[in-house]
2 protein chains.
Amino acid sequence: MPTIRDVARYAQVSVGTVSNVLNGSTLVKDETRQRVLMAIEALNYHPTAAARSLSTQRTNTIGMIRSEIRLQGNLIETDPMVLDLIDGITSAAISSSTGLTFWAIPAGEREMALYKQLVTSRQIDGLILFALREKDPRVAYLREQEFPFVIFGRFESDEGDNWIDVDGAGGIEAAVRHLVELGHHRIAYLSPPHEQYLTGLRWQGFVQGMRDMNVPIDLALVYEGDFSEKSGQLGTHYFLDQPNPPTAIFCNNDRMAFGAMRAIQARGLVVGQDVSVVGFDDVSLARYSNPPLTTISQPIHHIGGALFDLLINLINQQPIDLLGGKLLKPELIVRQSTGMPR
Amino acid sequence: MPTIRDVARYAQVSVGTVSNVLNGSTLVKDETRQRVLMAIEALNYHPTAAARSLSTQRTNTIGMIRSEIRLQGNLIETDPMVLDLIDGITSAAISSSTGLTFWAIPAGEREMALYKQLVTSRQIDGLILFALREKDPRVAYLREQEFPFVIFGRFESDEGDNWIDVDGAGGIEAAVRHLVELGHHRIAYLSPPHEQYLTGLRWQGFVQGMRDMNVPIDLALVYEGDFSEKSGQLGTHYFLDQPNPPTAIFCNNDRMAFGAMRAIQARGLVVGQDVSVVGFDDVSLARYSNPPLTTISQPIHHIGGALFDLLINLINQQPIDLLGGKLLKPELIVRQSTGMPR
DNA sequence: ACACCTAATTGAACCGGTTCAATTACAGTA
DNA sequence: TACTGTAATTGAACCGGTTCAATTAGGTGT
């Protein structure tokens, strides 16, 4: 494996010159540059990433850590939405030849240890956080360390310039309006897990939407899910077992909505007629479910790219201009899972 | 940021000793070890990953590259199955504090350039390949470079010890048997894209299954999809527009099966009665679709972990024992999307 | 007291890049 | 021809670990 010194010798120049050629410095005479390039070609030389990182203090890698969450012992699978996020990030990352490194670890002490590891060992240049929890210790730590990071979502205050979020509350208000306009008065709310930070924001949107439409909230029609299809199913059975069941169910993600539809159908009821269902995310399958799911669409692929750009600017300490704004408007996509109540 | 020399000075030992403590060498006297550990604690020292990589030639990172594929200009989204694979890999990786780095790049010249980059710059210790294509240039290159890599799937010959696959052909044979036993004779086949290497293997399974059951294959009932819901939908409309339409459709992944079910339902037909549908993968949603999807289940989370272990052994040049075997038996999960033909 | 052996410790050399002060090359001017 | 200014090049020092031959410490046997 040739080193920069081999190239220098072959091209009869110094290592400094080779380095300048590699990094596109304008200080190199054209003829010399050609000679160096030919040497690089001839020896099939590629700079070693680790050596470069060591002296530049940059790794050209950003990180993302999934908090594995277990409920009753079984792992909650990653939401397909995250895959779209990854797609968006990596698509944007490739143009600046940056990689996205992934870890998965259960929330808790070991999680913090991993974050500390990564930050202090300079294994990555920055982090993308998502699915923040209430009083999330990760944010405090990263802030304290002044380590570059961006958040998909908000946290505690809307201040700071390192987050991008979708106005989920606004989306829910729109969904409630849609349901009430169809004639629904008993609307159930399938909540995200209470540990999640967004749970509070989403709930506010629901409360606001119901208030705006003058519909009372029945706390018997609120169920805490965990984003899995299973919990959507369980919550829906719980709702439909009530003496006074709902005619519509708002679900905080599409997976729970799919579970909800399944539960409704298992009781011989028709989704969109007997019970309406609204989801959140608009995963690609939502359009192909039976019936197609009314849901709140977030431009997740675009958000992934925007988060990446934001993070890179943060890392490079460049001024940040969030042209598209940092609080994006989601869009209610009406399909056949919602209809007038019977 | 303290370095190993700072720690050495603080603990009044040499850098070599600190390094020995860090790497768990038994050559250090217990008392000295304690002093060093206290210094590490006091200075809050963490070794720099790049420096370590430079001298050990190991990065503790493995890579995975998604080939972005565009058809008619639009990006094919990543299959949710891949997310489960990532989950499986990262779950296994964390215990050996290894990260998984991700890139996405369109297949073609730039793709090969990226592979060469990564291999020669020693940015990663090994690669996990998936979704191999016919005559895939990546395999030849990596073999030639003797770079450690493992494949989810097989390639050209079943030789080599660096792959794990599911016996897709066997799964399809079982699916065909299931359909024929229900009474189906006109079975359509929704194929993967022809560029994919597994397409040939899967087709052989279909042919074998049909032959075993003495059912003729009608080439008018074969359609090449691209793994997207959309293509499942298109293929199904194509099938149902035939003068002599099928009573069952085998789809090579669940996403296409969801599209197929949607198309069937759009025509006012009932899935599992008028037309049966079988998928492949058993993604988590398959159990919650309407009707629940009969599909071929692969232990994808487990495969992710096994691929990781295999790769680590390859990297460490340790003997490999694939206890579970490298060709795993998939399982046909019968749900309500298949039934007797009318 | 001395030889001998093992356990522990040392620190210079190395991994392979980048950086920048110092030096050299060369063209333009007096 | 000497002088000046800019362009190009040089190479030692540095980034922060690991490694290992050489050295020292400490214990045992005679």
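Just so we're on the same page: letters track the sequence lines, and every chain starts at 1.
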Checklist entry - Only one of L37(A), T17(A), V21(A) forms a side-chain contact (heavy atoms from CB on, under 4.5 Å) with T32(A), so which one is it? => result T17(A)
Next on the checklist: For a side chain to side chain donor-acceptor pair (under 3.5 Å) check, start with the C-alpha distance between S67(B) and R133(B), then their side-chain angles and the critical distance, and finish with the verdict.
Outcome noted: CA-CA 10 Å; S67(B) 305; R133(B) 303 183 294 272; 3.2 Å; yes
Checklist entry - Rounded to the Å, how far apart are L27(A) CG and dA7(D) C1'? => result 8 Å
Item to check | Derivation of the side-chain contact (heavy atoms from CB on, under 4.5 Å) call for I315(A) and F147(A) | outcome: CA-CA 9 Å; I315(A) 291 169; F147(A) 190 78; over 6 Å; no
Item to check | For atom CD of Q34(B) and atom P of dA8(C), their distance in whole Å | outcome: 14 Å
Item to check | Euclidean distance, atom CG of residue D30(B) to atom P of dT9(C) [Å, nearest integer] | outcome: 10 Å
Next on the checklist: Would you say that M81(B) contacts L83(A) through its side chain, given a criterion of any heavy-atom pair below 4.5 Å between the two side chains?
Outcome noted: no
Checklist entry - If you look at every heavy atom in L127(B) and M64(B), which pair is closest and at what distance? => result CD2-N, 4.0 Å
Checklist entry - Base, sugar-phosphate, or nothing: which does T32(B) touch, judged by heavy atoms less than 4.0 Å apart? => result sugar-phosphate
Next on the checklist: Is there a side-chain contact between L307(B) and L85(B) in this structure, where contact means two heavy atoms from C-beta onward sitting under 4.5 Å apart?
Outcome noted: yes
Item to check | Base versus backbone protein contacts along nucleotides 10-19 of chain D [heavy-atom cut-off under 4.0 Å; B, S, -] | outcome: BBB--BBBBB
